[in-house]
A.B. asks: 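Would you mind keeping the following structure in view while I ask a few things?
The figures that follow rest on heavy atoms only: side chains count, while hydrogens, waters and symmetry mates do not.
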Amino acid sequence: SLVAEDAELGAEPVALLDEGVATKSYGDAKLAVGRHVTMSGARHRIVGIVPSTSAFPTRDVKVWTPRYVSEADKAITNAGSFGGTALIARLAANQDLPFAESQTLASLEREPVLARLINDISLTVSVLPVRSVWSSGRQHSLASMLVAAFLMLVIATANTASLFVIRQMRRRQEHALLDVFGSGVSHRLFRLAAEALVLMSASVVLASILVPFAVSAMRAMNMFPREFPHQVGLNLVVVLVAVSIAFALVGVLLGTGWAT
């Protein structure tokens, strides 16, 4: 990984390499560490691998190098050259965003040139979660999509429950015969639960099969932002949410089926 000394004058040129590029070039991304790449006529030693899902600042960036800022660059005459500078860092343990803002501003004030800028141009520092880099300006759209997805889920649940109720009403004769042969309440409840679980399990499996195709189609239609940081698809969290929803729907179906 990069260290502060890598950005000092005369330091050995080093770089971080994208995981996908490293794997393609060396067969195994780990084998790239310690190798050298030539950029702009200078040999850079690879000191780390960046996961392809980082997409920082955009997916097009595949190589990261430290930036040396000379004393001349920090001169007051170059103050306008650093407007809107964005940095990314990891919060230390047990620290929050306001504390990080205050500490960052304090460190800037210790530099005489920057302290003068703070007073002259009212320099401000904002510390935000890294997700804001990609979600900024899209909050309303994302919220609208989330509400639309929730409403679709509610409608689908209502339709499924209605169909299940109709099915149970058509099976009243079957239930009456089961009662005649001594089928108890627990047995009927078990049958309802088994049927609902089978339906929900089949739905989860079908959705899992269709998700990759749906994601590929959405990516082909450029529906995802180019700089979106994460891979869109199935993971453990998504599967657990789907299973939780399935069990909730089982409870709904049991309630509606038992009521009939």
Side-chain angles (χ1 to χ4, degrees), residues 18-20 50-61 84 86 88 90-91 96-98 100-101 126-171 192-260:
D18 174 74
E19 183 181 16
V50 178
S52 298
T53 54
S54 65
F56 184 82
T58 67
R59 288 189 179 277
D60 295 333
V61 178
I88 183 172
R90 184 191 298 273
L91 281 178
D96 55 12
L97 298 182
E101 280 189 4
S126 298
V127 178
L128 303 170
V130 69
R131 63 178 178 272
S132 65
V133 175
W134 299 279
S135 62
S136 178
R138 301 190 181 101
Q139 289 90 343
H140 295 297
S141 298
L142 292 174
S144 299
M145 292 176 62
L146 183 61
V147 171
F150 176 75
L151 292 177
M152 291 178 63
L153 177 62
V154 171
I155 294 172
T157 301
N159 290 335
T160 303
S162 298
L163 292 174
F164 195 74
V165 168
I166 293 173
R167 177 174 173 81
Q168 297 305 315
M169 292 178 67
R170 290 179 177 178
R171 296 171 62 185
L192 288 174
E195 184 173 344
L197 283 173
V198 169
L199 290 174
M200 292 302 102
S201 299
S203 300
V204 171
V205 171
L206 181 61
S208 301
I209 295 174
L210 294 178
V211 161
F213 297 100
V215 170
S216 298
M218 295 173 68
R219 185 172 287 114
M221 292 184 289
N222 295 322
M223 297 183 68
F224 296 132
R226 292 179 62 253
E227 71 276 16
F228 193 76
H230 299 296
Q231 296 292 338
V232 179
L234 292 176
N235 54 38
L236 181 59
V237 175
V238 174
V239 172
L240 290 177
V241 170
V243 171
S244 300
I245 294 175
F247 275 105
L249 289 176
V250 168
V252 173
L253 296 182
L254 282 177
T256 54
W258 180 253
T260 58

A.B. asks: Considering residues at least two apart in sequence or located in another chain, which fulfil the side-chain contact (heavy atoms from CB on, under 4.5 Å) criterion with A202?
C.D. replies: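 If we apply the side-chain contact (heavy atoms from CB on, under 4.5 Å) test to A202, skipping adjacent residues, there are no hits.
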A.B. asks: In Å and rounded to the nearest 0.5 Å, what is the CG to CG distance from L210 to L206?
C.D. replies: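 If I round to the nearest 0.5 Å, the distance is 4.5 Å.
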A.B. asks: Return yes if some donor-acceptor pair links the side-chain N/O of E101 with the main-chain N/O of V127 below 3.5 Å, else return no.
C.D. replies: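 Indeed, once roles are kept as given, a pair shorter than 3.5 Å links the two residues.
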